[in-house]
Structures are given as C-alpha cells and as structure tokens.
Amino acid sequence: MAAPQKLPHCRKLVLLCFLLATLWEARAGQIRYSVPEEIDRGSFVGNIAKDLGLEPLALAERGVRIVSRGRTQLFALNLRSGSLVTASRIDREELCAQSAPCLLNFNILLEDKLTIYSVEVEITDINDNAPRFGVEELELKISETTTPGFRIPLKNAHDADVGENALQKYSLNLNDHFSLDVRSGVDGNKYPELVLERALDREEEAVHHLILVAFDGGDPVLSGTSRICVKVLDVNDNAPVFTQPEYRISVPENTPVDTRILTVTATDADEGYNAQVAYFLEKSPGETSEVFELKSTSGDLTIIKDLDYEDATFHEIDIEAQDGPGLLTRTKVIITVLDVNDNAPEFYMTSATSSVSEDSPPGTIIGLFNVHDRDSGQNAFITCSLPENLPFKLEKSVDNYYRLVTTRALDREQFSFYNITLTAKDGGNPSLSTDAHVSLQVADINDNAPAFSCTSYSAYIPENNPRGASVFSVTAHDPDSNDNAHVTYSFVEDTVQGAPLSSYISINSDTGVLYALRSLDYEQFRDLQLWVMARDSGNPPLSSNVSLSLFVLDQNDNAPEILYPALPTDGSTGVELAPRSAEPGYLVTKVVAVDRDSGQNAWLSYHLLKASEPGLFAVGLHTGEVRTARALLDRDALKQSLVVAVQDHGQPPLSTTVTLTVAVADRIPDILADLGSLEPSAKPNDSDLTLYLVVAVAAVSCVFLAFVIVLLAHRLRRWHKSRLLQASGGSLTGMPSSHFVGVNGVRAFLQTYSHEVSLTADSRKSHLIFPQPNYADTLISQESCEKKDFLSTPQSLLEDEREETSSQQAPPNTDWRFSQAQRPGTSGSQNGDDTGTWPNNQFDTEMLQAMILASASEAADGSSTLGGGAGTMGLSARYGPQFTLQHVPDYRQNVYIPGSNATLTNAAGKRDGKTPAGGNGNKKKSGKKEKK
C-alpha cells in the first residue's frame, strides 16, 4: 500500500522540475522592459545583469554588448552598474505613430559563450501632444435664403497621442444661428458638423464668427482651436431707397454753367451687383431737360445752360434710381431760381469842367451827372460816394441826379491835379458798384514867395583863391508854376571895410552861383556876412532873403617870424653867453617865433640845421630852447655859431632860419679879448666873394681834370711806343753804354716829364741822384759823364739825341739795392725779396725823374750847391776823369715821396755813421716857413 502512494508524489516533483526548466529556458530566451517616452538620456530601463544572472562586474569580462539591427540604438549598457539605460530622447509618436503598443526589440550578446538574448522594451505614451486642426481659420459661405437644419461638415482635429491621451470631444461657442453635431466614423474618429438652426439675413448680419475647440482625455487636458468665418451670401431682395422723398434747392440765376447744384443719393441694402445703383433723368416736355444734366453713376445734377430768373422762377425734375437686377424707385427735385444783383449802376455825365482856379470860393460846381440801375427792389437802390480827404462833395438832386461841388479853397501848390473817383453802389448782396473818373486841373496864382532850403548858409573858401572862382551856390524854390516860379538872385547891397560888397563877391542871377572877384586874404578878414535875395516873376512879384556867412580858410602863405633873437639894427650881432662850467642841459637861450597863419599852419617846430661844433648844443623841438648837449671842454672854440630853423606844419611847410652866436667863456673879460673875431663882416660884397671862390674852385677842378686826361692820353701813347721798341730790342745789345746815360738821357727826361717835386727846408744842402727809369738799379757810366754836361747842353742837342737816348739801355749794376720796406711809393708796403731792384715800377721811376728835373732847374738858377766839394756831386768832379762809383754819395735819404711814409736810406751811410738829413713837407709849407 505504501508503494502506490509514493508514485504520484514523485510525478509531481518531476512535473515541477520540468516546468521550472521550461520557464528558465523562456527567460533565457527573451527579456521584457517598459519605459515612458520623453524621459531623459541615461534614465534607468532595467537591471540587465540581474536578469541575465550575472554580476555587474562580469558584464565587461564576458563581453556583454547590444547588437543593433541597422537602426539608431536608443539604449546603452552601464557596465559598472549592470543596468540598461536610454541613449537618447525617445519619442513614441516618431517611432510608432498611432500604433499601440509601441515595442522596441534588440539583442544582447555574451561574447565568451556567443549567447544571444532578446530584449523587448515597450514605450508607453504620455499626453505630450494637443489636438490640432488642419487650418486655423475656416471660411464658409451660405446664402441668406438657406433653410434651417442645413448641415455643413467641418475640418476635424488630429491628436498624435493614443488611448486616453487622444482626441475625445469638440465644442462650439454659443450663437443664435448655428449648433455643433459630432459624428463617429467606422474608424473610431469623430467628425464635427455645423447645423443651421435659424434663418439668415445678410442685411441684418453679413458675417458670423464661430470658434470650434477640440479636447483630448489626457491629464492635464489639452485642446486645439479653429476659427470659423461664415459669410452670408446676398440675394436681390431690396430695391434702392433715396435719402429724401423729395429734394428742394434754390439756385442763384448767375450760377455758372457746369456747376454741380445737387447730388441725389439712393442706397440698396443688398451687396455686389444687387447694390449697384444707376440714376436716370425722366424726360418731360419743356426746356427743363435742356438746362440740367444728371450723371447716372454719381447722381450729380449740373447746369448746362444759364439760368434766368426772368424766364423761369423754378424747375421740377423726376429722377429714377435702379439697381443691377432691375429694381427701381423714383424721387422729385424742385429747383427754385433766385434773383441776383447782376446789373451794376451806370453813370451818365451831363456837364463837367476840366479846370478851376485855386482861389475859387467853396461851393463852386465842378460837374452834374445821373446814375441808373436796371435791377429792381433792393438791388436797384443806389448810393454815391467820394474818396475821403478830398475838397469836394456830392449833392443829390431829383431822379438820381448828383452835383459835384468844392468844399474849401484849393491850393495848387499842395495838389495841382485831382483825379476824382465817383463810386455808385447798389443795395444788392453782394452789391455791385461802378466808378466814374473826373479829371480836374487847378490853375495857379502867384501866392507863394521863393523859399530857401535853409534859414542861413555857411560857405568856406581858402584864401589866395583865384579871381572868378566859384564860391558857393544857393537855391530858392518857388512852389508856383510858370512865370510865378521863375526865380532871380541878387545881393542886398552892403560894404566891407569901406568897399562895396559887389567888389568882392558876385552872384549869377539865374543859377544862384557866387563868384569871388578878388583874392581873399585870411589875415585881412576872416569872414563875410551878406544877404541873398530871391525874387519871382509873378504879378505882383514876391521875394525872400537869406543870410550867407562866407568864411575864409587859412592857407600856409606866411613863413614863421623870429621874435627873439631880434636882428640888430646897428650892424652888430647878438651874442649869447655859455659858461664853460655849464652842465649838459644848460639853457643858453631860447628862439621865439610866431606865424601869422592859424591852426596847423601856425604850429611851429625848431630844428638845429648847422653848428660849428656838432653835438655840443641841442634845440627843443617845440620850445625852441637852446641847451648844451654835453659838458663844455677846454678844446671847444670860444665862438660857436648855430643855425636854427623854425618850420610850421602847413602843406607845404614854410621855414625861417636864424643864426645864433654863442660865446663860450666864464667871464666877460675873456670875451672882450676876442670880440673882434666875433664881429661879422659888414661888407656887402662877402656873398659875392663866396660866389667867386666857388666858381674859381670849379674852374680849377675842370682844368685839372682836363690835364689828367691829356696826361693819361700821352702816357698811353708812350706806353704803346715802348711796346713797339721792346719788340725790336734784340738789335740794341751791341751798343755802348754811353748811349743810354749822360747828358742826352737827362735832357730826354727834361723834355718828357714835368712834375712838381717837394723838397725839405734844407734842400740847399741836399744832394740828388739821377737814376735811370726802368734800368735795374744802375748808375750812369763814367764815359758818358766825362763827355757831356747835361746842364749846359743846348736844347737843340736834346732834341737831336732824343730818339737815340730812348732806344739805349745800360747794363744792370748790383751795387745799388734796397730792401722791400725801403722802396718808395706803393711798393714799399708790399712784402718781397730784399734783393729786389729799385725802383720796381714805372710810377716810382717817374717820381724820381720829376725830382731830378726840379733839382736841375734849381741848379740852373744858382740856388743849388752842385759845385765840387767834399761829399757833393760837383760838376767838375762828375765830369772829371777821376770820377768813379765810390765818389757818388747816397742821396736817397733826402727823397720824399708824396703820399708815402717811406724814406730812401743807404746802408753804407749807416755804416759810416752818417745820419741822413730829414726833410718832409711840401714846397708850399717850406715857403711858408721861410716867410716867417
């Protein structure tokens, strides 16, 4: 019994094990998870390690990874926690649209055993989408004649969510004409319909605005809205209606043609073509249709012909208004024509005068005229008027006649001509007026005297004016006309310094120009007072006077006059004393002068023109004070002469000079000693003598200039010949030396040169030398000196041998030499070699030759000590056989060169202990000393 009982129990265990194995196998084959959409990235989905029976750290060791099947992987494994997480945002509507449920499948691979596990993730929906209509605004059109109960399908809304989150219901805003009905389709969707509940009237409400709202079942509930515009279509169920049943207007008869006088308006409650209204003028017999015109589109009524109140006082017009389909209506227009003032008054001149005398009495009749207006009533009421401020008035008579008369005396000088404007104005509104013009000339009478523009005149004339010069011009005006305005001018006779006024001034009777008959002198009288009379040519004549002040302007025609120091009358000169102890600024004297002119011409200034000692005295520019400019010195002369000029400031300025003699001394006795030297020469011929001296100096200068020119010409000629001789100088080398020096040579010098030589006062004891010009510092030869005596040779011999001597030249001798500093003339100041020859230029040679000539002349007169003797150059010794070079003394120390400080000296003389005789000065100084 026990064995059968254990068998069923074992079977139960076997079945349980088989079931567990089956579940494990199923579990090992597929894993399921569920996650809502729109969760964040990295959100937990499931514990994959636990579901696989693995530790989290074993996932990486066993190479667990997700195997994708060609789509974007939305999940990822977190190997650290062993969890399955989201890899990105998951949108259920994007993955599955309206499908439910939304399942995502993928595989997990264990690489160590190559085992595949299937994973299924369900994406649950959330209410993240609201219902949306295809169009936000829907426009519907329905005729106003549509019967109630008419259904109009509406656009349904769509919701991307599913289940309870999908679209659930619709709603419509409350209104009087429409309701909402929702129908469900076979697909389960809901479709809204618009139902007409009440008849429409477009004229009452043409457009209906509705709002349709769709709701889903989510939490919170989301909704979508659509606006519905229902337009009621019109039908022609209304005829046009005029704004007034009858139009009445009043039009003036002078309304211009083409003027719009009225616009009729008819309105139609319909719209579109049903509301297009056209206007027509109903034809009627008569002229009314020819006067007015009606525009069919606008309803404007215009005048096409002039209205005339006298022809018709009013007009009646019938007008029709018709819409597009043909419904019409009528109205009446009554036009009343108003009378207007379209006729202006008219003048009819009966009598008028063109001229009236200015002395006519008030009330003088100028003219008579009539005024008429063709209008009637108030438009024919006429009033006449004149401009204000006229000396005229209108006097009304019968039947609209008027007289024009004067109200006061007329004045031609004020108004010589009147252009009177007469105005006639009617009583219309607006009133019309007409102007008439009356021209009136006022005749002149002589009732005005000539009048000057000023009560008095002032004129200015410079003195010393030429005779007949225009001085001034006066003008008088007479307001009268013709002869009454012709003015003549004249003087009221008067005397000036005992002479009649007409001898000084004259006036042109026609022009009023004043002329000076004399040359006026400011110093004689400074002004003239005279009266000018102007007279017209009227009958009787009238006149008026005006005063004229003629002022003489000063001219600078008087030189300043010296009042002090006054010129002496006894022939002596005034002497001012200045002590030698006077300090600078000491007042020596003062020059006082006046000028007879006035103003700027009398302003005086003082200047020091000349002084014997410049810088010693100074003169005040405006005061004329003579003061010392520096302290007086002992070397200052006793007598000081000053020339002071006094000058005015005229144009041109005039001046006067005065000579002052100032004695420089501390005491009067010092002045008396030299008083005679202070007295000026009283001879009247001193000025002539000065003139003669100036002429003589000029003549001597001219003669000297002519002499210099002749001398230069002669020298140029000699220089030209010498150049010719030098060209042929080779033929002279064989000639003896006696041909170059001696008497013949000296005589040649005497004929060639003539110069003035200055000797010293002791020239009688001086010795002369005779150097040859251009001969290289040599003396004449002994042979030539023994043969000839140049002082006793006749002039004829000099003339015969002049040509021979000029062509001979002596050989040079080196015993006669000067240093560069000893050379006379301009060469003495030059730096050169001490071995140079003397003289070294032609000018110095000519100077020596001139001295030789002077010495020769002195010897001829017997005043020279040229006789034989020790230390002299006697004639017998010079021309004796014993004459040698050592017998010739050195006389160069006695030669003076004008304009040079050089003195010719002899080195041998210095060695012998001889002192050269000094001598400077000129011939004139020597003569003066001898005279003393």
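Throughout, residue positions are numbered sequentially from 1 according to the sequence presented.
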(request) Apply side chain to side chain donor-acceptor pair (under 3.5 Å) to the pair Asn254 and Asp342, showing each step before the final yes or no. (result) CA-CA 7 Å; Asn254 61 347; Asp342 55 351; over 6 Å; no
(message) Looking at every heavy atom in both Ser502 and Leu517, which two are closest together, and how far apart are they?
(response) O-CD1, 2.9 Å
(request) Can you sort out the partners of Arg518 under salt bridge (charged side-chain N to carboxylate O under 4.0 Å, His left out), two or more places apart, ordered by chain and number? (result) none
(message) With a 6.0 Å cut-off (strictly less than), is the heavy-atom count around CG of Asn482, excluding the residue itself, greater than 12?
(response) no
(request) State, yes or no, whether a side-chain contact exists between Val442 and Phe415 at a heavy-atom distance under 4.5 Å. (result) no
(message) Quick check for you: to the nearest 0.5 Å, what is the distance between Tyr348 atom OH and Asn400 atom CG?
(response) 11.5 Å
(request) Apply salt bridge (charged side-chain N to carboxylate O under 4.0 Å, His left out) to Glu523 and list each qualifying residue two or more places apart in sequence or on a separate chain. (result) none
(message) Applying side-chain hydrogen bond (donor to acceptor under 3.5 Å, both in side chains) as the test, list every pair that has at least one member in residues 436-457; sequence neighbours left out.
(response) Arg412-Asp444, Glu413-Asn448, Thr421-His437, Asp444-Ser481, Asp444-Asn484, Asn448-Asp480, Ser453-Tyr457
(request) Would you check if the side chain of Thr628 reaches a backbone N or O of Tyr586 as a donor-acceptor pair within less than 3.5 Å? (result) yes
(message) The test is side chain to side chain contact (heavy atoms under 4.5 Å, CB included); show your working for Leu616 and Leu632 and say whether it passes.
(response) CA-CA 8 Å; Leu616 181 55; Leu632 298 176; 3.2 Å; yes
(request) Measure the shortest side-chain to side-chain distance between Phe347 and Thr434 over non-hydrogen atoms and say whether it is less than 4.5 angstrom. (result) yes
(request) Check whether any side-chain heavy atom of Arg403 lies under 4.5 Å from a side-chain heavy atom of Lys396, and answer yes or no. (result) no
(request) Identify, with sequence neighbours excluded, every residue that meets ring pair (Phe, Tyr, Trp, His ring centres under 6.0 Å) alongside Phe452. (result) none
(request) Apply side chain to side chain donor-acceptor pair (under 3.5 Å) to His486 and Thr488, showing your working. (result) CA-CA 7 Å; His486 183 263; Thr488 59; 5.9 Å; no
(message) Using only atom types and a distance under 3.5 Å, with no angle test, would you say the side chain of Thr407 pairs donor to acceptor with the backbone of Lys393?
(response) no
(message) The test is side chain to side chain donor-acceptor pair (under 3.5 Å); show your working for Asn558 and Asp595 and say whether it passes.
(response) CA-CA 7 Å; Asn558 292 282; Asp595 197 317; 5.3 Å; no
(request) For residues Ala631 and Pro584, report the shortest heavy-atom separation together with the two atoms involved. (result) N-CG, 3.6 Å
(request) Could you walk me through whether Asp636 and Arg630 pass salt bridge (charged side-chain N to carboxylate O under 4.0 Å, His left out), step by step? (result) CA-CA 11 Å; Asp636 293 332; Arg630 61 174 176 81; 3.2 Å; yes
(request) Please check if the side chain of Ser605 supplies one atom and the backbone of His622 the other of a donor-acceptor pair under 3.5 Å. (result) no
(request) Using ring pair (Phe, Tyr, Trp, His ring centres under 6.0 Å) as the criterion, list what pairs up with Phe551, not counting sequence neighbours. (result) Tyr460
(request) Please name the pair of heavy atoms, one in Tyr489 and one in Asp510, separated by the smallest distance, quoted to 0.1 Å. (result) CE1-O, 3.7 Å
(request) Kindly compute the distance separating CG (Leu514) from CG (Asn508), expressed to the nearest 0.5 Å. (result) 9.5 Å
(message) If we count only N and O atoms by modelled type, under 3.5 Å, do the side chains of Thr423 and Asp435 hold a donor and an acceptor together?
(response) yes
(message) So Leu432 and Asn343, do their side chains get closer than 4.5 Å, heavy atoms only?
(response) no
(message) Has Glu463 got a side-chain atom pairing as donor or acceptor with Tyr522's backbone, closer than 3.5 angstrom?
(response) yes
(request) Measure the spacing between CD of Gln555 and CD of Gln651 and express it to the nearest 0.5 Å. (result) 11.0 Å
(message) Would you say that Lys639 contacts Thr661 through its side chain, given a criterion of any heavy-atom pair below 4.5 Å between the two side chains?
(response) yes
(message) Apply side chain to side chain contact (heavy atoms under 4.5 Å, CB included) to residues Leu440 and Phe417 and explain how you reach the verdict.
(response) CA-CA 6 Å; Leu440 181 63; Phe417 179 80; over 6 Å; no
(message) Could you measure the distance from the OG1 atom of Thr589 to the CZ atom of Phe617? Nearest 0.5 Å is fine.
(response) 11.0 Å
(message) I'd like to know whether Asp648 forms a side chain to side chain donor-acceptor pair (under 3.5 Å) with Asn601, so could you lay out the CA-CA distance, the side-chain angles of the two residues, the decisive distance to 0.1 Å, and finally the verdict.
(response) CA-CA 6 Å; Asp648 58 22; Asn601 298 329; over 6 Å; no
(message) Using only atom types and a distance under 3.5 Å, with no angle test, would you say the side chain of His649 pairs donor to acceptor with the backbone of Trp603?
(response) yes
(message) Rounded at 0.5 Å granularity, tell me how far CD in Glu613 sits from OG in Ser641.
(response) 12.0 Å
(request) Compare all side-chain heavy atoms of Trp531 with those of Leu501 and state whether any distance is below 4.5 angstrom. (result) no
(request) For Thr656 and Val646, indicate whether the former's side chain and the latter's backbone hold a donor-acceptor pair under 3.5 Å. (result) no
(request) Just jot down the salt bridge (charged side-chain N to carboxylate O under 4.0 Å, His left out) partners of Arg535, sequence neighbours excluded, or say none. (result) none
(request) Might you work through the ring-ring contact (aromatic ring centres under 6.0 Å, His included) test for Tyr504 and Phe525, ending with a clear yes or no? (result) CA-CA 12 Å; Tyr504 290 93; Phe525 53 85; 5.6 Å; yes
(request) Examine distances only and state if a side-chain atom of Ser544 and a backbone atom of Pro450 form a donor-acceptor pair shorter than 3.5 Å. (result) yes
(request) Check Ser360 against Thr364 and note the closest heavy-atom contact, atom names and distance. (result) CB-OG1, 3.9 Å
(request) Please tell me if the side chains of Ile461 and Leu553 come closer than 4.5 Å, counting only heavy atoms from C-beta onward. (result) no
(request) Would you mind telling me which of Leu608, Val575, Leu642 makes a side chain to side chain contact (heavy atoms under 4.5 Å, CB included) with Leu660? (result) Leu642
(message) Please evaluate residues Phe381 and Asp426 with respect to the criterion side chain to side chain contact (heavy atoms under 4.5 Å, CB included), reporting the C-alpha separation (whole Å), side-chain torsions for both, the decisive distance (0.1 Å), and the verdict.
(response) CA-CA 5 Å; Phe381 181 77; Asp426 58 23; over 6 Å; no
(request) Evaluate the criterion side chain to side chain contact (heavy atoms under 4.5 Å, CB included) for residue pair Val532 and Phe491; output intermediate values, then yes/no. (result) CA-CA 5 Å; Val532 179; Phe491 282 133; 3.8 Å; yes
(message) As an exercise, state the distance from OG of Ser351 to CZ of Phe369, rounded to the nearest 0.5 Å.
(response) 12.0 Å
(request) May I ask you to test the Leu404-Leu394 pair for a side-chain heavy-atom distance under 4.5 Å? (result) yes
